[in-house]
2 protein chains.
Amino acid sequence: MVTRKEVAEKAGVSVSVVSRAMNNSGYVEAEKKKRILEVADKLGYYPHPVAEALQKRRTKQLLFFCKDLRNSFYIDMYQGMVEAARKRDYMMVFNGSMDFEKIRDAMIDGIIMPNEVVTQHYLDTVGRNYRLPVIAASYGNPARFSRAVPRVEIDMEKVMELAVRELRANGHKRLALAMPYPFRTMDVRRLAFCSLMEEVYGNRIKDYYIGIHREELPEDPRILAFQEDEDRESGMYLPEEDFFGKGELAAQLFAERKIDATAVVAFNDEFALGMCKRFHALGIQVPRDISLIGIDGSSARKYRDPCLTSVGLFPEKQGARCVDTLLDMLEGKKVKYVSGSPIKLIKGDSVRKLE
Amino acid sequence: MVTRKEVAEKAGVSVSVVSRAMNNSGYVEAEKKKRILEVADKLGYYPHPVAEALQKRRTKQLLFFCKDLRNSFYIDMYQGMVEAARKRDYMMVFNGSMDFEKIRDAMIDGIIMPNEVVTQHYLDTVGRNYRLPVIAASYGNPARFSRAVPRVEIDMEKVMELAVRELRANGHKRLALAMPYPFRTMDVRRLAFCSLMEEVYGNRIKDYYIGIHREELPEDPRILAFQEDEDRESGMYLPEEDFFGKGELAAQLFAERKIDATAVVAFNDEFALGMCKRFHALGIQVPRDISLIGIDGSSARKYRDPCLTSVGLFPEKQGARCVDTLLDMLEGKKVKYVSGSPIKLIKGDSVRKLE
DNA sequence: CTGAAAGCGCTAACAG
DNA sequence: CTGTTAGCGCTTTCAG
């Protein structure tokens with residue numbers, strides 16, 4: 001392996017001059033600099049990133065701590081991070097194994113958490129005595145962080161408002177909400193939906209809520225909504241959920257319970273697509289018999305027809321903002337404790353205009 | 001930050017004893033070891049991964065160099081890698097930005113390449129004078145590596161054979177192949193298909209090949225089959241392709257050209273799903289009017305009904321094997337230059353039994 | 001402008 | 001069994 005020392009010898013200078021030449025820091029005679037760079041190039045020299053990191057106490061790597069790789073929402077988010085990091089000469093590293101302990105073995109300068117639940121878990125365990133800067137992507141879900149963590153937040157209340165407004169604009173009055181969790185779960189979508197529909201439904205709102213309970217799930221090892229009873233009670237859930245499968249189940253429940261809603265807001269696009277499929281199998285046509293609106297704006301919308309109408313959350317933008325905030329922190333800049341990320345309705349063909 | 005030195009002082013020993021105690025290497029009095037571990041724990045000490053890496057010349061990180069994140073095939077492959085790496089106490093790092101230059105800034109012990117094309121690109125550029133161990137996932141595509149690189153290979157000829165056999169077993173005689181590339185492209189699927197169908201079609205084989213040419217692609221920036229004319233001529237292509245969109249186009253071409261095949265083998269599942277969608281839009285029913293078989297066994301098969309029949313490639317297994325081979329190399333073991341990865345037909349409902 | 005020297009936090013001989 | 005010592009490859013004062 002060729003080191004700075006070797007370059008220095010061949011160029012007839014000392015290592016420190018080479019260092020300065022390579023980093024454009026401090027003084028070095030123009031003539032010499034040129035020669036050094038030439039020698040380095042000829043030798044195929046390239047600085048050793050680990051040594052550099054040790055000395056500078058900067059690895060130039062950021063971790064996106066996310067296990068839920070099969071969820072394209074997070075993949076999109078990661079793409080946004082990669083791009084933002086690249087612009088500031090950082091590398092975005094992805095860790096697919098959800099193992100908090102191992103986080104301390106990672107050579108990183110900071111961590112981005114995918115949601116409130118994971119953030120809280122982290123802060124309550126390893127994060128207690130590991131004080132690397134942390135940023136959380138968040139969605140307005142109730143969570144109590146034991147330490148101040150800047151969040152880049154998507155305003156889910158507004159998302160729900162957009163969805164409901166779109167349905168109402170198309171003449172829908174009786175709307176249902178389909179979720180992968182029981183009613184009692186403190187999910188911001190459910191809370192927002194309830195507050196928006198309260199004046200219409202009053203206390204009959206539960207009749208228009210389709211939730212998947214653990215007991216109802218088929219015996220599929222992938223479908224594991226809750227790991228511990230404790231988690232279930234606290235309304236927490238862990239990732240790697242089969243939203244599509246749960247969506248199918250939700251459509252089934254919707255049909256069985258003969259809910260008289262004309263439109264459904266689904267937890268997310270994956271969930272909505274699952275509903276679509278099952279509706280189709282049950283002979284219920286979207287949007288003729290039932291209108292459907294998803295949340296995410298994911299590219300998976302394309303798989304089914306009619307194309308799903310959805311509230312786009314632009315996870316790439318959220319991801320990019322997470323990175324920028326984190327890097328600002330590392331540079332010692334003051335950062336906002338909460339910053340927002342844009343949303344927008346993406347029209348498809350799954351909402352019918354009622355006369 | 002708490003270091004080994006600090007722990008040593010509090011425990012009244014020297015740093016080397018602490019080192020030995022923590023790594024279970026060399027001798028250290030049982031009593032002392034216990035005390036040291038206690039002190040370390042109380043201080044919340046955790047070894048500095050960068051310093052360790054510098055000294056041991058082992059970062060315990062492996063890179064999966066893959067930009068095509070939206071392709072679930074590679075995501076599955078990555079999952080397999082993560083698991084295999086975890087078992088051997090390694091961390092699998094994912095780099096989503098296709099920038100060969102930046103690879104040298106990554107703190108890694110080895111690299112896994114997603115396919116032959118990327119491997120070759122790498123070897124011809126940065127890989128020239130950066131000799132980190134490399135493993136390539138491969139598919140029997142023609143490629144000339146300028147350096148010996150162990151490959152974990154999926155036998156695409158056998159894959160094609162399985163697909164064709166399944167269709168024939170269901171009574172299909174006239175089979176077509178649908179690909180995202182022109183006929184001249186040296187893709188192993190096309191070559192295998194040609195050799196399998198030669199005796200049936202002779203030189204009419206081109207009539208049963210549906211290929212997407214660059215000129216036929218709609219003006220979608222994402223749809224960029226070839227970056228350079230040079231690449232196109234050499235039959236190379238770069239990732240991030242919209243296989244779904246091209247599949248739609250292929251179905252269109254199939255219908256327009258009134259090909260009299262009763263079944264189609266599609267490039268991959270994504271491509272097949274695109275075909276499904278367009279066929280549906282054109283009023284051509286799968287499998288009633290046309291049978292369809294995909295390649296991959298991807299989870300996206302679930303999105304559409306009928307469920308796609310596909311040849312499963314089990315990318316997780318391929319990924320896991322890549323990692324194991326790479327780690328064996330790092331441990332100085334002798335590794336096979338080419339190793340295989342299993343395949344299997346996954347039955348769905350997209351192939352009709354002909355009378 | 002340059003080079004010697006002192007580390008970054010950790011490991012691994014090697015005497016004691 | 002233990003401590004001293006010499007690095008891993010790089011950066012950064014700080015005298016010259």
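Treat the numbers as computed from the prediction; the structure is a model and nothing was measured. Numbers restart at 1 for each chain; the letters A, B, ... are given by sequence-line order, proteins then strands.
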Check this for me: B:Arg58, atom CZ, are more than 12 non-hydrogen atoms of other residues, nucleotides or ligands nearer than 6.0 Å? yes
Charged N to carboxylate O below 4.0 Å: is that the case for A:Asp328 and A:Lys336? no
Checking the side chain of B:Glu116 only, and the main-chain atoms of B:Gly140 only, is there a donor and an acceptor separated by less than 3.5 Å? yes
Donor-acceptor side-chain pairing of A:Tyr46 and B:Glu101 below 3.5 angstrom: no
Quick test: give all pairs of protein nitrogen or oxygen and nucleotides 2-5 of chain C nitrogen or oxygen below 3.5 Å, distance rounded to 0.1 Å.
unit_1 : atom_1 : unit_2  : atom_2 : d
C:dT2  : OP1    : A:Lys32 : NZ     : 2.8
C:dT2  : OP2    : A:Glu29 : N      : 2.9
C:dG3  : OP2    : A:Ser14 : N      : 3.1
C:dG3  : N7     : A:Ser16 : OG     : 3.1
C:dG3  : N7     : A:Arg20 : NH2    : 2.8
C:dG3  : O6     : A:Arg20 : NH2    : 2.8
C:dA4  : N6     : A:Ser16 : OG     : 3.2

Where the side chain of B:Thr59 meets the backbone of B:Met107, is there a donor-acceptor pair that is under 3.5 Å apart? yes
Looking at B:Leu37, is its backbone amide N or carbonyl O close enough to the side chain of B:Asp41 to form a donor-acceptor pair, meaning the two atoms are under 3.5 Å apart? no
Going 5' to 3' on DNA chain D, which nucleotide is the first and which the last to come under 4.0 Å of a heavy atom in chain A? D:dG9 to D:dT12
Parallel, tilted or perpendicular: which one describes the rings of A:Tyr78 and B:Phe94, with boundaries at 30° and 60°? perpendicular
When you measure from the side chain of A:Asn23 to the backbone of A:Ser25, do you find a donor-acceptor pair of N or O atoms at a distance under 3.5 Å? no
Between the protein and nucleotides 6-10 of chain C, list the N/O to N/O atom pairs that are separated by less than 3.5 angstrom.
unit_1 : atom_1 : unit_2  : atom_2 : d
C:dG7  : N2     : A:Gln55 : OE1    : 2.4
C:dC8  : O2     : A:Gln55 : OE1    : 3.2
C:dC10 : OP1    : B:Tyr45 : OH     : 2.5
C:dC10 : OP1    : B:His48 : N      : 3.0
C:dC10 : OP2    : B:Arg4  : N      : 2.7

Option passing side-chain contact (heavy atoms from CB on, under 4.5 Å) with B:Phe65 (candidates B:Ile112, B:Val93, B:Val118): B:Val118
Could you go through A:Tyr130 and A:Tyr122, starting from their C-alpha distance and side-chain angles, then the distance that decides it, and tell me whether this counts as ring-ring contact (aromatic ring centres under 6.0 Å, His included)? CA-CA 10 Å; A:Tyr130 190 47; A:Tyr122 169 78; 7.4 Å; no
